[in-house]
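Every chain is numbered from 1, with letters handed out A, B, ... down the list of sequences.
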Protein chains: 2
Amino acid sequence: MKTRRALTDRASAVPALAEAFREHGFEGASLTVLSQATGLGKGSLYNFFPGGKEEMMEAVLADIDHWFAESIFLPLERAEDPAQAIASMFEDVTAYFRSGRRVCLVGCLGLNTSGAAFAVTIRDYFARWISAIAQCLEVGKVPPDAARQLAEEAVSGIQGAIVLARALEDETTFHRILRRQHSTLTDAIGAWAGSQAP
Amino acid sequence: MKTRRALTDRASAVPALAEAFREHGFEGASLTVLSQATGLGKGSLYNFFPGGKEEMMEAVLADIDHWFAESIFLPLERAEDPAQAIASMFEDVTAYFRSGRRVCLVGCLGLNTSGAAFAVTIRDYFARWISAIAQCLEVGKVPPDAARQLAEEAVSGIQGAIVLARALEDETTFHRILRRQHSTLTDAIGAWAGSQAP
DNA sequence: GAGTTCCTGTACCGAACGGTACATTTGTGT
DNA sequence: ACACAAATGTACCGTTCGGTACAGGAACTC
């Protein structure tokens with residue numbers, strides 16, 4: 001019996017659902033759209049997600065949360081080489097958001113009332129991202145308050161870069177802004193690096 | 001005959017429409033919602049905006065564009081005291097976006113497919129905002145390339161601050177980020193201020 | 001005050017919405 | 001081969017969607 005490939009197919013539908021929600025938003029992604037995006041009929045969709053669209057979005061958010069935890073948050077939180085950890089975060093984030101062509105679903109959800117049902121998930125996502133960066137900066141000898149401020153600014157900068165790159169339809173905008181955010185953080189690590197010798 | 005208060009009522013409905021679109025997004029703002037928000041029946045709505053929701057959104061965008069041109073862009077473009085012009089921009093923007101509680105409709109529209117019909121309006125809005133700031137910084141003796149980069153970063157930072165403040169449900173985040181964006185720009189003006197005496 | 005023009009609420013349209021029911025297909029364990 | 005359960009496609013549910021038609025009401029002209 002075992003898995004009976006039930007969870008497998010449900011899980012494999014999630015990325016397609018995520019992309020559909022990204023493209024059309026929560027309200028704009030009708031069941032027809034979601035059905036076409038996944039290649040699954042309504043029957044299958046409701047078999048996997050009895051709670052309808054809302055459960056689909058929850059699954060997508062859980063998937064995103066898991067990916068970020070593994071690929072972004074944990075490496076930052078456990079970093080031994082802060083500058084390197086920050087560098088690979090920017091690299092991974094650039095790839096993930098496709099240089100700004102791909103939207104941040106969590107950020108978008110927070111912008112209008114359709115995301116109200118997911119408010120705590122949204123808040124936790126950003127709160128953890130910020131504290132992960134801050135924690136990493138502190139390893140790099142940046143004082144806690146400055147680290148938090150810089151982390152906040154970095155996450156905000158990434159979100160802003162997505163909005164702007166989408167609006168201007170120009171990937172280079174995204175790269176320029178992230179490059180500068182990156183050097184701001186590495187500069188901060190460098191600035192406090194020698195001030196407190198062991 | 002004259003205006004026959006036709007234009008008056010159409011114009012007076014626009015702010016309510018704008019707020020409804022902000023809250024619910026383009027797809028989420030149904031005619032019922034728009035009707036309640038404006039206090040106008042469907043008949044009146046279609047009398048003023050024969051093109052339906054799309055024309056309503058166009059009117060809203062035109063209104064926003066006009067407000068920003070008058071209150072934000074022109075003052076920047078004509079600034080004689082750059083530092084002061086930048087300061088009042090941040091002040092006005094903070095008030096306009098209600099410390100991040102209020103969403104940037106133009107930015108939101110660009111994030112999903114529902115805004116595709118307004119792509120050029122969206123692009124022009126951000127392009128002009130960036131070049132207005134850049135122009136203002138150049139008056140402050142900042143070199144053109146640096147001015148453009150800083151301007152891009154400022155607009156992006158404002159958009160990111162909105163996303164983050166909404167997600168965290170915390171206005172202070174918005175204020176912190178904007179304060180820092182502000183000082184980055186004034187620092188830039190200060191840095192090049194004395195380097196090129198008349 | 002009649003005539004005209006604009007405005008507005010109501011009723012209604014077909015289409016699409018989210019969601020359900022169910023018969024059928026598909027796959028698997030024994 | 002058989003039985004049984006999961007997965008699926010289809011038809012359908014009531015509701016709401018964006019949009020239209022239109023009759024009556026207000027307001028202005030003459």
If you find the nucleotide of DNA chain D closest to A:Leu40 and the one closest to B:Phe26, which residue's nucleotide is nearer the 5' end?
A:Leu40
Euclidean distance, atom [atom1] of residue [X] to atom [atom2] of [N] [Å, nearest integer]:
{"X": "A:Leu45", "N": "D:dA6", "atom1": "CG", "atom2": "P", "answer": "19 Å"}
{"X": "A:Leu34", "N": "C:dA16", "atom1": "CG", "atom2": "C1'", "answer": "14 Å"}
{"X": "B:Leu31", "N": "D:dG18", "atom1": "CG", "atom2": "P", "answer": "4 Å"}
{"X": "B:Glu55", "N": "D:dG18", "atom1": "CD", "atom2": "P", "answer": "16 Å"}
{"X": "A:Glu54", "N": "C:dC17", "atom1": "CD", "atom2": "C1'", "answer": "16 Å"}
{"X": "A:Gln36", "N": "C:dA16", "atom1": "CD", "atom2": "P", "answer": "12 Å"}
{"X": "B:Lys53", "N": "D:dC17", "atom1": "NZ", "atom2": "P", "answer": "9 Å"}
{"X": "A:Met56", "N": "C:dG19", "atom1": "CE", "atom2": "P", "answer": "8 Å"}

Side chain to side chain donor-acceptor pair (under 3.5 Å), that's the test. Do A:His175 and A:Ser99 meet it? Break it down for me.
CA-CA 7 Å; A:His175 290 133; A:Ser99 304; 3.0 Å; yes
What one-letter contact string describes nucleotides 10-16 of chain D from 5' to 3', where B marks a base within less than 4.0 Å of any protein heavy atom, S marks contact via sugar-phosphate atoms alone, and - marks no contact?
B------
Side-chain contact check for B:Tyr46: nearest option of D:dT8, C:dG19, D:dT20 is D:dT20
With DNA chain C as reference, determine whether B:Ser44 or A:Pro50 sits nearer its 5' end, using the nearest nucleotide of each.
B:Ser44
With side-chain contact (heavy atoms from CB on, under 4.5 Å) as the test, would you mind laying out the steps for A:Ile158 and A:Met89 before giving the verdict?
CA-CA 11 Å; A:Ile158 292 169; A:Met89 179 197 82; 4.2 Å; yes
Do you know the tightest heavy-atom contact between B:Ala20 and B:Val33?
CB-CG1, 4.3 Å
Step-by-step side chain to side chain donor-acceptor pair (under 3.5 Å) determination, A:Thr173 to A:Asp170:
CA-CA 6 Å; A:Thr173 304; A:Asp170 175 30; 2.8 Å; yes
Between B:Asp81 and B:Val139, does a side-chain contact (heavy atoms from CB on, under 4.5 Å) hold up when you go through it step by step?
CA-CA 8 Å; B:Asp81 180 349; B:Val139 174; over 6 Å; no
Does any residue of residues 108-122 of chain B have a heavy atom under 4.0 Å from DNA chain D, and if so, which ones, in number order?
none
Taking the side chain as every heavy atom from C-beta outward, state whether B:Glu58 and B:Phe49 have any pair of such atoms under 4.5 Å apart.
no
Please examine the side chains of A:Phe126 and A:Ile122, heavy atoms only from C-beta on, and report whether any two atoms are closer than 4.5 Å.
yes
Once rounded to the nearest 0.5 Å, what's the spacing between atom CD of A:Glu153 and atom CD of B:Gln181?
6.0 Å
Is the ring pair A:Phe73/A:Phe68 parallel, tilted or perpendicular, if the boundaries are 30 and 60 degrees?
tilted
Under 4.0 Å between a side-chain N or O of A:Asn47 and OP1 or OP2 of D:dT8?
no
